[in-house]
K.L.:
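Shown below is the structure under consideration.
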Amino acid sequence: MTRVYLDHNATTPLDPAALEAMLPYLRESFGNPSSLHWFGQRARAAVEEARGQVAALLGAAPPEIVFTAGGSESDNMALRGALAKPSGARRKLVTTAIEHHAVLNTAKALRDEGHPVEIARVGEDGRLDLDELRSKVDDATLAVSVMLANNETGVLQPVAEVARLAHERGALVHCDAVQGGGKTTLDVRALDVDLLTLSAHKLYGPKGTGCLYVRRGTKMAPLVRGGAQERNRRAGTENVAGIVGFGVAASQAAKAMAADGPRIAALRDRLEDHLLEIPGVLRNGAGPRVANTANVSFEGIDSEALLIALDLEGVAASTGAACAAGGIEPSHVLKAMGFSPERVQSSLRLSLGRGTTEAEVDYAARVIASAVARQRK
Ligand SMILES: Cc1ncc(COP(=O)(O)O)c(C=O)c1O
């Protein structure tokens with residue numbers, strides 16, 4: 001059976017070079033990087049090489065990279081770590097309505113714990129309303145958290161502008177760049193952010209590994225306390241194989257991006273063009289976007305049923321809805337863009353990757369068109 005994977009925003013396959021590099025650290029090179037002996041020092045050297053590779057992808061200095069267990073942990077660490085170090089009267093967190101739940105649910109928990117939290121709106125195009133954000137950032141604001149690329153629509157957010165206005169008011173800036181890693185140039189100095197989250201498994205690295213970039217001099221409390229690993233910023237014996245795989249994946253991404261970007265954008269546009277030929281289709285998200293993501297709604301269609309029909313024909317996609325306790329929760333991102341419940345409930349996200357081909361895109365478009373036609377009957 002033909003299988004077409006169009007869910008790269010959920011996770012990507014492991015880069016073969018990353019897997020090869022990881023294997024020795026799951027076998028003979030099993031040392032603990034904190035040990036002083038030969039075994040330990042081999043592992044230490046590998047972790048530090050990976051730190052350099054990840055730092056290079058971000059334009060950061062290696063000591064500014066803190067390895068974590070993934071994007072969610074890094075987001076938690078950024079918000080909690082920054083807010084645990086209040087500066088004067090500053091206690092407020094400002095974020096946006098379209099952030100990943102790793103940020104939004106942390107913000108909600110912080111609000112329950114007594115921190116003032118404000119959530120900025122986005123426009124119908126899926127892009128943050130900068131004027132609204134500006135009105136919320138004031139002298140009481142400690143941190144502003146805005147994602148780089150949205151995971152559901154791919155819409156790029158004006159992070160450098162956010163950083164400028166937040167810094168003018170003396171606030172710290174965190175950016176969840178999980179969906180930008182390997183898809184768009186990431187330069188922490190050009191973005192001028194203080195904290196930035198990356199996850200390995202979204203850029204062809206292993207799952208359960210990520211990092212938080214912490215600009216030199218930024219005051220942060222650790223989220224995980226214990227030993228002195230990661231310069232006292234994240235305790236726990238390092239996931240050496242995962243970190244090594246992350247490093248190699250980051251290097252590969254930096255090399256592949258220039259060629260991958262335009263090729264994947266052309267395939268995404270081809271897929272969208274096919275889908276827009278189907279009657280009653282609306283594109284969700286506009287303006288600057290990452291190259292790989294398409295999000296569309298099909299009038300009169302229940303996206304969960306559509307997803308199952310596609311899976312039966314080998315096409316793996318995703319809906320704009322997430323499983324939550326007690327059932328399917330409609331996408332908070334599309335809701336925040338002001339769309340009707342019907343439009344949200346009928347949305348489909350297709351995210352392409354490095355291995356996606358023209359034949360796959362054409363196959364997926366055919367399968368989607370016939371499944372939509374069947375369901376509408
Ligand atoms: C924007 C964004 N932030 C954070 C995460 C969480 O990353 P992880 O799966 O590594 O915890 C994801 C994963 O879907 C994401 O898309």
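In listed order, ligands and their atoms are each counted from 1.
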K.L.:
Do you know which of S251, C211, P62 makes side chain to side chain contact (heavy atoms under 4.5 Å, CB included) with V54?
P.N.:
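By the side chain to side chain contact (heavy atoms under 4.5 Å, CB included) criterion, V54 pairs with just one of S251, C211, P62: C211.
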
K.L.:
Quick one: does ligand 1 sit under 4.0 Å from the side chain of D75, the backbone, both or neither, non-hydrogen atoms only?
P.N.:
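For D75, only side-chain atoms sit under 4.0 Å from ligand 1.
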
K.L.:
Is the closest basic N to carboxylate O distance between R134 and E168 below 4.0 Å?
P.N.:
no

K.L.:
Side chain, backbone, both or neither: which part of A102 has a heavy atom under 4.0 Å from ligand 1?
P.N.:
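Neither part.
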
K.L.:
List every atom of ligand 1 that sits less than 4.0 Å from any heavy atom of S72, numbering the atoms from 1 in the order shown and giving each element.
P.N.:
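The atoms of ligand 1 under 4.0 Å from a heavy atom of S72 are 6 (C), 7 (O), 8 (P), 11 (O).
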
K.L.:
Look only at interatomic distance and state if V178 has a nitrogen or oxygen under 3.5 Å from any nitrogen or oxygen of ligand 1.
P.N.:
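No, no N or O pair falls under 3.5 Å.
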
K.L.:
Using a strict cut-off of 4.0 Å, indicate which atoms of ligand 1 neighbour a heavy atom of N151.
P.N.:
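It comes down to these atoms of ligand 1: 1 (C), 16 (O).
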
K.L.:
Starting from atom 16 (O) of ligand 1, locate the nearest protein heavy atom and write down its residue, its atom name and how far away it is, to 0.1 Å.
P.N.:
Q179 NE2, 2.8 Å

K.L.:
Determine, considering heavy atoms only, which of A200, G205, S199, A177 sits nearest to atom 10 (O) of ligand 1.
P.N.:
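Answer by nearest heavy atom: S199.
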
K.L.:
Is the shortest side-chain N to carboxylate O distance from R91 to E118 below 4.0 Å?
P.N.:
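Between E118 and R91 there is no salt bridge, as every charged N stays at least 4.0 Å from the carboxylate O atoms.
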
K.L.:
What atoms in ligand 1 come closer than 4.0 Å to a heavy atom of G70?
P.N.:
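Listed by number with element, the hits are 10 (O).
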
K.L.:
Checking a contact table here: which protein heavy atom is nearest atom 15 (C) of ligand 1, and how many Å away?
P.N.:
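Sorting protein heavy atoms by distance from atom 15 (C) of ligand 1 puts H100 CD2, 3.2 Å first.
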
K.L.:
Could you check which of G71, A10, G181 puts a non-hydrogen atom nearest to atom 7 (O) of ligand 1?
P.N.:
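Looking at heavy atoms only, the winner is G71.
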
K.L.:
Do the side chains of L334 and V103 join up, straight or via other hydrophobic residues, at under 4.5 Å, putting them in one cluster?
P.N.:
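L334 does not cluster with V103.
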
K.L.:
Please work out whether any backbone atom (N, CA, C, O) or any side-chain heavy atom from C-beta onward of M147 is under 4.0 Å from ligand 1, and answer side chain, backbone, both or neither.
P.N.:
side chain

K.L.:
If only atom types and distance count, is the side chain of S303 paired as donor or acceptor with the main-chain N or O of L306 below 3.5 Å?
P.N.:
no

K.L.:
To the nearest 0.1 Å, how far is atom 3 (N) of ligand 1 from its closest protein heavy atom, and which atom is that?
P.N.:
D176 OD2, 2.6 Å

K.L.:
Quick one: look at H201 and ligand 1, take heavy-atom pairs under 4.0 Å, and tell me if it's side chain, backbone, both or neither.
P.N.:
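The side chain, only.
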
K.L.:
So, D194 and K219, do they make that salt bridge, N to O below 4.0 Å?
P.N.:
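No.
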
K.L.:
Hey, what do you get for CD (Q179) to CG (N9), rounding to the nearest 0.5 Å?
P.N.:
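Reported value, rounded in 0.5 Å steps: 4.0 Å.
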
K.L.:
Is it the side chain, the backbone, both or neither of K202 that has a heavy atom closer than 4.0 Å to ligand 1?
P.N.:
side chain

K.L.:
Quick test of your reading: applying ring-ring contact (aromatic ring centres under 6.0 Å, His included), list the pairs with at least one residue in residues 6-34, sequence neighbours left out, ordered by first then second residue.
P.N.:
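Of all non-adjacent pairs touching residues 6-34, those that pass ring-ring contact (aromatic ring centres under 6.0 Å, His included) are Y5-H8, F30-F39.
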
K.L.:
Does a donor on one side chain sit under 3.5 Å from an acceptor on the other, for H100 and D75?
P.N.:
no

